[in-house]
Amino acid sequence: MTVLAVGATAKDAADEAATIEGVSKVLVAEDALYGHRLAEPTAALIVSLAGDYSHIVAPATTDAKNILPRVAALLDVMVLTDVTSVVDADTFERPVYAGNAMQTVKSKDEKKVITFRTSTFDAAATGGSAAVEDIAAAEDPALSEWVEDKVAESDRPELTSAKIVVSGGRGVGSEEDFVIIEKLADKLGAAVGASRAAVDSGFAPNDWQVGQTGKVVAPDLYVACGISGAIQHLAGMKDSKIIVAINKDEEAPIFQVADFGLVADLFEAVPALTEKV
Amino acid sequence: MKVLVPVKRVIDYNVKVRVKADGSGVDLANVKMSMNPFDEIAVEEAIRLKEAGKAEEVIVVSIGVKQAQETLRTGLAMGADRAILVTAADDVHEDIEPLAVAKLLAAIVKEEEPGLVICGKQAIDNDLNATGQMLAALTGYAQATNANSLEVDGDAATVAREVDGGLQTIKVKLPAIVTTDLRLNEPRYASLPNIMKAKKKPLDEKTPADYGVDVAPRLEIVKTAEPAERAAGIMVGSVDELVENSRKGAI
Ligand SMILES: Cc1cc2nc3c(=O)[nH]c(=O)nc-3n(C[C@H](O)[C@H](O)[C@H](O)COP(=O)(O)OP(=O)(O)OC[C@H]3O[C@@H](n4cnc5c(N)ncnc54)[C@H](O)[C@@H]3O)c2cc1C
Ligand SMILES: Cc1cc2nc3c(=O)[nH]c(=O)nc-3n(C[C@H](O)[C@H](O)[C@H](O)COP(=O)(O)OP(=O)(O)OC[C@H]3O[C@@H](n4cnc5c(N)ncnc54)[C@H](O)[C@@H]3O)c2cc1C
């Protein structure tokens, strides 16, 4: 297993990857060309290295989902995205239809290009010491250029790997009131999530969206406040260990997946909960 | 410039999905089918470009069963100018893989030479999130996925992309492939007069053979199963009870 570290500054990540158990080699391509996660140059680099490998894999993050399908098409193979379990070297399981069905697929392609849903796998142990080797940058397709990043700096844990997630939905009502969700999250040391309705309404930024077309999370505890529980939302959080739902409507579908449900006005229940935890 | 918009006919997002008892797939017989929601956003964006004088013609294309005609008519009723249907499957349960779809689209791109192709970021049936990127690879064009905003200016487009962590803005050379995210726009509904007018707009019928593309799948679906069910939980009566119960978990 070879790990590829690509970036304008990738050495530190490469050194860290070299300590992962099972890694035999780490390749580092450090070049300004790779500084902004543009798909075309990174895909070109991966394709230039692909010859030696049977499987090319990455986690199912927005960057990898941008890059790997391009790699697959350049290699004339299908891509398998959001894989949740490995059956054998050719056969994989992945959710379809917003997680309403689990599909087992066998690839007939010689090379497999895969993104893995990290929430369903444990991290590999460290303790290895693989060789780290510098490689040259590949050609620059010169098709796109970076303009700017708008990334909110936050001390909160990252949403997809957080142990606790507190999410707010349309029921929260406004961006100002979303603060009560954030306060509970901060008290618990949790990440903050949101439903699509909350993001569309401008209560929360786009990268907080949990669901079929947002982020998939599987924390130890997921607290859903003012979220009805549409299948598209459930697709992103129903593998959480414990689900707590606070909703004023006792018929809300979120209660069907909740381990603990509380029928209450969130404007009273959430601050009270923040007090007591 | 021309704008090409690939639209997929998928199970309506409100329909409860049922896995067939024999594990062969999801039951799509007699269920409501609609245009993939991300593709509605793509059609809307293309029409807005035309209305803003940045595009001359909007072409919608669908690949799949014959009934995808209805999906194309929806696109025409929203305001697209003409449609191309590539009939590549007889049975609605036969999904054409993104790689094959991308090959067909690449052939159509070669013929039509659009300045921009706007796809959805993912189809809500197979949830693969791959076709746009694959088409970009096969055409050798730039790609801007998960678009939150799109501005076309001369021979380039500036796209803000929804990424993990926030937004990334990039500038791509045209022709390019853009895929839509949820916040790009709010698609319009087709008015009754426009639905009537759409019936008269041109719709070309093709087959994969016309483009010399082999659509045989690379992935064999071994089985389709119901996801694991969550055990029923309990309702608590107060915040105190909630804290007490949840403590046994993680709080
Ligand atoms: C091509 C590329 C170049 C980058 N260059 C820089 C840089 O010069 N300086 C900087 O500070 N940050 C750089 N980053 C971003 C930095 O790596 C992010 O901090 C990191 O991507 C965040 O990790 P994530 O878990 O959110 O997943 P994502 O960034 O979404 O990662 C998705 C997957 O893509 C692959 N990947 C991501 N980053 C790299 C990488 N650097 N090398 C190889 N594979 C990667 C991995 O498989 C990763 O899990 C780069 C990212 C990419 C993809
Ligand atoms: C293509 C597509 C993709 C989608 N992807 C996603 C996705 O990734 N993630 C996602 O979340 N959704 C997604 N959706 C949207 C999804 O279908 C729902 O519309 C959305 O999840 C609803 O969000 P919500 O639960 O916050 O809002 P609503 O359904 O409006 O529910 C609000 C809830 O708040 C409760 N409430 C109101 N006031 C209070 C109060 N004071 N106290 C307590 N409770 C209160 C109400 O009882 C109600 O249950 C997608 C839809 C489509 C078509």
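Residue numbers start from 1 in every chain, and the chains themselves are labelled A, B, ... in the order their sequence lines are given, proteins ahead of strands.
In this structure, chain B has a heavy atom under 4.5 Å from the side chain of A:Arg94, while its backbone stays farther away. A:Glu40 touches chain B through its side chain: at least one heavy atom from C-beta onward sits under 4.5 Å away, while N, CA, C and O do not. Using a 4.5 Å cut-off between heavy atoms, A:Lys241 contacts chain B through its backbone alone, with no side-chain atom that close. If you measure heavy-atom distances from A:Phe255 to chain B, the contacts under 4.5 Å come from the side chain alone. With a 4.5 angstrom heavy-atom cutoff, B:Tyr141 touches chain A only via backbone atoms. Proximity to chain B (any heavy atom under 4.5 Å) is restricted, for A:Ile246, to the side chain, taken from C-beta onward. Within the 4.5 angstrom heavy-atom criterion, atoms from both the backbone and the side chain of A:Leu262 approach chain B. Residue contact with chain A, scored on non-hydrogen atoms closer than 4.5 Å, involves the backbone of B:Ser238 exclusively. In this structure, chain B has no heavy atom under 4.5 Å from any part of A:Glu268. Residue contact with chain B, scored on non-hydrogen atoms closer than 4.5 Å, is absent for A:Thr115. With a 4.5 angstrom heavy-atom cutoff, A:Ala258 touches chain B only via backbone atoms. Residue A:Glu93 does not touch chain B at all, counting heavy-atom pairs closer than 4.5 Å. Residue contact with chain B, scored on non-hydrogen atoms closer than 4.5 Å, is absent for A:Asp90.
Taking both residues in full, the closest heavy atoms of B:Pro217 and B:Glu97 are given as CB-OE2, 3.3 Å, listed atom of the first, atom of the second, then distance.
Between the side chains of B:Asn129 and B:Gln133, at least one donor N or O sits under 3.5 Å from an acceptor N or O.
Between A:Tyr222 and A:His233, the ring planes lie tilted relative to each other; the angle falls in the 30° to 60° range.
Salt bridge status for A:Asp149 with A:Arg37: present, with a side-chain N to carboxylate O gap under 4.0 Å.
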